[in-house]
Amino acid sequence: METEAYARDDPASHSYGGPRRRNATMFGPAGRLYVYRSYGVHWCANVVCGREGEGSAVLLRALEPTAGLDAMRARRGVEDPALLCSGPGRLTQALGIDAAYDGLRLDHPPFRLLAAPEPVAVATTTRIGITRASELPWRYVLEGSTFLSRRPRPAAR
DNA sequence: GTATTGATCTTCT
DNA sequence: GAAGATCAATACA
């Protein structure tokens, strides 16, 4: 439901400044998962894209829980589906993703790659939660979704 | 309702 | 020793 793009020549990106130990996965081949520790508390998951050595990735900021709701609730300790995966740290906690998943291919188990069921309406906004280059319009959300990391409104009434 | 802060890890200076 | 692609609890209006 919500993603953010990070590029090589992007001051907010981990790949900014070239390959290092932590961001090695970002510079690997596309289609892998890049997992890192955020603020010492959360895990964040990215999909590596671009060519090998390019160092770009897409941060998964929110998704709509459609399966395994009970497992997600157990891991999160939250009931409301709208709060299960609405944020990068929440998302990884709900899915049980940690450093062990860093570098894994998304087209191999335990993951699966599926085609989008239908065209979706995507809105573009500025990025969130970063201190550098936050003005770049590289955040992409599903139009009208109620599962975003920052709600547009407390449900129209 | 908005604003502030603690938690606590990895990397970099 | 500081900063950071965050979250949730607490403080304040």
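Here the structure is a predicted model, which means the values were calculated and not measured. These numbers come from the heavy atoms of this one structure, side chains and all, not from hydrogens, waters or symmetry mates. So that the names make sense, note that chain A is the first sequence line, chain B the second, and so on, each numbered from 1.
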Grab the [atom1]-[atom2] distance between [X] and [N] for me, whole Å please.
{"X": "Trp43(A)", "N": "dA7(B)", "atom1": "CH2", "atom2": "P", "result": "20 Å"}
{"X": "Asp98(A)", "N": "dT6(C)", "atom1": "CG", "atom2": "C1'", "result": "17 Å"}
{"X": "Asp10(A)", "N": "dG4(C)", "atom1": "CG", "atom2": "C1'", "result": "14 Å"}
{"X": "Tyr39(A)", "N": "dA7(B)", "atom1": "OH", "atom2": "P", "result": "16 Å"}
{"X": "Arg37(A)", "N": "dT8(B)", "atom1": "CZ", "atom2": "C1'", "result": "8 Å"}
{"X": "Asn46(A)", "N": "dT6(C)", "atom1": "CG", "atom2": "P", "result": "11 Å"}
{"X": "His14(A)", "N": "dT6(C)", "atom1": "NE2", "atom2": "C1'", "result": "12 Å"}
{"X": "Leu83(A)", "N": "dC7(C)", "atom1": "CG", "atom2": "P", "result": "11 Å"}

Atom OH of Tyr140(A): over 12 foreign heavy atoms under 6.0 Å: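 Yes, because the 6.0 Å sphere around OH of Tyr140(A) holds more than 12 heavy atoms from other groups.
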Side-chain N,O (Thr131(A)) to OP1/OP2 (dA5(C)) below 4.0 Å: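 Yes, Thr131(A) has a side-chain N/O under 4.0 Å of OP1/OP2 on dA5(C).
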Applying the Watson-Crick and G-U wobble criteria at under 3.5 Å, what pairs with dG1(C)? Answer none if nothing qualifies.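 WC or wobble partner is dC12(B).
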Check this for me: does the side-chain of Tyr36(A) come within 3.5 Å of the base of dA5(C) through a donor and an acceptor?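 Flag set: donor-acceptor pair detected.
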Does a salt bridge link Arg8(A) with Glu54(A), judged by any charged N lying under 4.0 Å from a carboxylate O?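 Salt bridge between Arg8(A) and Glu54(A), a charged N being under 4.0 Å from a carboxylate O: no.
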Check: Tyr36(A) ring centroid to His14(A) ring centroid under 6.0 Å: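 Yes: the rings meet the under 6.0 Å criterion.
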Between dT8(B), dA8(C), dC7(C), which nucleotide gets closest to the side-chain atoms of His42(A)?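 The nucleotide sitting nearest to the side chain is dC7(C).
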Given dT6(C), dA8(C), dG4(C), identify the nucleotide with an atom nearest to the side chain of Arg76(A).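 Of all the options, the side chain of Arg76(A) is nearest to dA8(C).
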With a non-hydrogen cut-off below 4.0 angstrom, is Arg61(A) in contact with a base, only sugar-phosphate, or nothing?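 Touches sugar-phosphate only.
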Any base atoms under 4.0 Å from Gly40(A), or only sugar-phosphate, or nothing? Heavy atoms, all strands.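 Gly40(A): base contact, heavy atoms under 4.0 Å.
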Check whether NZ of the Lys or CZ of the Arg Arg132(A) lies under 6.0 Å from the centre of the six-membered ring of Tyr16(A) and within 45 degrees of that ring's axis.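 Ring-cation test returns no.
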Candidate pair Thr25(A) and Asp102(A), rule side-chain hydrogen bond (donor to acceptor under 3.5 Å, both in side chains), full reasoning: CA-CA 7 Å; Thr25(A) 302; Asp102(A) 183 44; 3.1 Å; yes
